[in-house]
Amino acid sequence: IEMKKTQNDKVKFFNDTLKKVAEEKNGIEEFYELYGGFIYETAKLICRDTYTAKSVLNQVLTKVWKLSKAVTEVKNPEGFLYRITVNTAKDSLKERRLQPFAENIVIEENDFQKILDDDEFYCLIKGLTESLQELMSYKFIQNMTFEEIAETMDKPVSTITSLYYRGLKKIKENLKI
């Protein structure tokens with residue numbers, strides 16, 4: 001029987017993996033295997049193209065490798081990776097003078113989960129605030145529960161639930177333009 005990892009277990013595991021990045025030859029490869037998907041999907045959300053997202057992934061891995069020698073403990077691993085990735089992606093967009101684009105998207109109500117793997121989903125949440133994008137990213141990309149998201153974002157579950165439904169409402173309103 002596999003027990004669900006608690007947030008403390010996740011934090012310890014992340015910090016142990018980060019220590020391996022600093023100390024072991026194959027540490028960064030292990031880090032990539034564990035967290036590369038999250039970094040890439042987050043970068044794709046911001047950059048809106050796979051080439052730039054891959055470049056951002058490489059830049060983030062380089063930053064993590066450099067930081068691994070100085071950082072001894074990260075208390076919020078998802079937030080740590082999300083913040084580094086978002087900032088790196090934004091810098092990359094500024095450097096390349098690219099603008100994230102949004103198209104008119106026609107989508108049926110209550111169909112968000114169905115299009116999760118499609119680029120349309122990223123356009124849908126692009127119009128949300130950063131914290132709502134982070135929440136939606138955790139919910140849809142990481143498949144986290146409201147309880148896990150609340151723990152990660154350090155907010156009450158009721159706030160996370162309210163923000164989630166507010167975000168869905170805003171997406172629906174944006175679609176009626």
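Not measured: the values here are computed from a predicted model.
In terms of heavy-atom proximity, F38 sits nearest to E78 at CE2-O, 4.0 Å. Of all heavy-atom pairs between I160 and A150, the closest is CG1-CA, 3.5 Å. Among all heavy-atom pairs drawn from Y40 and A53, the shortest one is CE1-CB, 3.6 Å. The nearest pair of heavy atoms linking V21 to G27 is CG2-O, 3.5 Å. Nearest heavy atoms, G79 versus T152: N-CG2, 4.5 Å. Taking every heavy atom of both residues into account, L132 and G167 meet most closely at CD1-CA, 4.0 Å.
Using bins of under 30°, 30° to 60° and over 60° for the plane-to-plane angle, the ring pair F146/Y164 lands in the perpendicular bin.
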Notebook entry, point to check: Step by step, would you call F31 with N26 a side-chain contact (heavy atoms from CB on, under 4.5 Å)?
Noted result: CA-CA 9 Å; F31 191 90; N26 65 342; over 6 Å; no

Item checked: Audit row: E24, K19, salt bridge (Lys or Arg N to Asp or Glu O under 4.0 Å) steps and yes/no -> CA-CA 8 Å; E24 297 177 16; K19 187 176 180 183; over 6 Å; no

Next item on the list: Take M144 and K139, measure what side-chain contact (heavy atoms from CB on, under 4.5 Å) needs, and give me the verdict at the end.
Entry: CA-CA 5 Å; M144 294 170 76; K139 184 69 178 159; over 6 Å; no

Next item on the list: Give the intermediate values and the outcome of side chain to side chain donor-acceptor pair (under 3.5 Å) for residues N58 and S55.
Entry: CA-CA 5 Å; N58 289 328; S55 173; over 6 Å; no

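Around OH of Y35, the count of heavy atoms belonging to other residues, nucleotides or ligands within 6.0 Å exceeds 12. Shown here is D16, whose CG atom has more than 12 heavy atoms of other residues, nucleotides or ligands within 6.0 Å. Within a 6.0 Å sphere centred on NZ of K66, heavy atoms belonging to other residues, nucleotides or ligands number 12 at most.
Going from atom CE of M136 over to atom CD1 of I149 covers 9.0 Å, rounded to the nearest 0.5 Å. From I46, atom CD1 reaches atom OG of S92 across 11.5 Å, with rounding to the nearest 0.5 Å. The line from CD1 of I39 to NZ of K44 is 15.5 Å long, rounded to the nearest 0.5 Å. From K75, atom NZ reaches atom CG of N15 across 10.5 Å, with rounding to the nearest 0.5 Å. Remark: I28 CD1 to E33 CD distance equals 11.5 Å, nearest 0.5 Å. The line from OH of Y138 to OG1 of T42 is 8.0 Å long, rounded to the nearest 0.5 Å.
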Please output the side-chain donor-acceptor pairs of residues 80-90 that fall under 3.5 Å, not counting sequence neighbours, one pair per line with the distance.
unit_1	atom_1	unit_2	atom_2	d
Y82	OH	E134	N	3.3
R83	NH1	E130	OE1	3.0
R83	NH2	E130	OE1	3.2
T85	OG1	L81	O	2.7
N87	ND2	R83	O	3.4
T88	OG1	K63	NZ	2.8
T88	OG1	I84	O	2.7
K90	NZ	E130	OE2	2.2

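No donor-acceptor pair closer than 3.5 Å links the side chain of S162 to the backbone N or O of S158.
Side chains of T129 and Q133: no donor on one and acceptor on the other come within 3.5 Å.
With contacts defined as side-chain heavy-atom distances shorter than 4.5 Å, the pair L18/V74 qualifies.
Under the 4.5 Å side-chain heavy-atom criterion for Ile, Leu, Val, Met, Phe, Trp and Tyr, F14 and V11 are members of distinct hydrophobic clusters.
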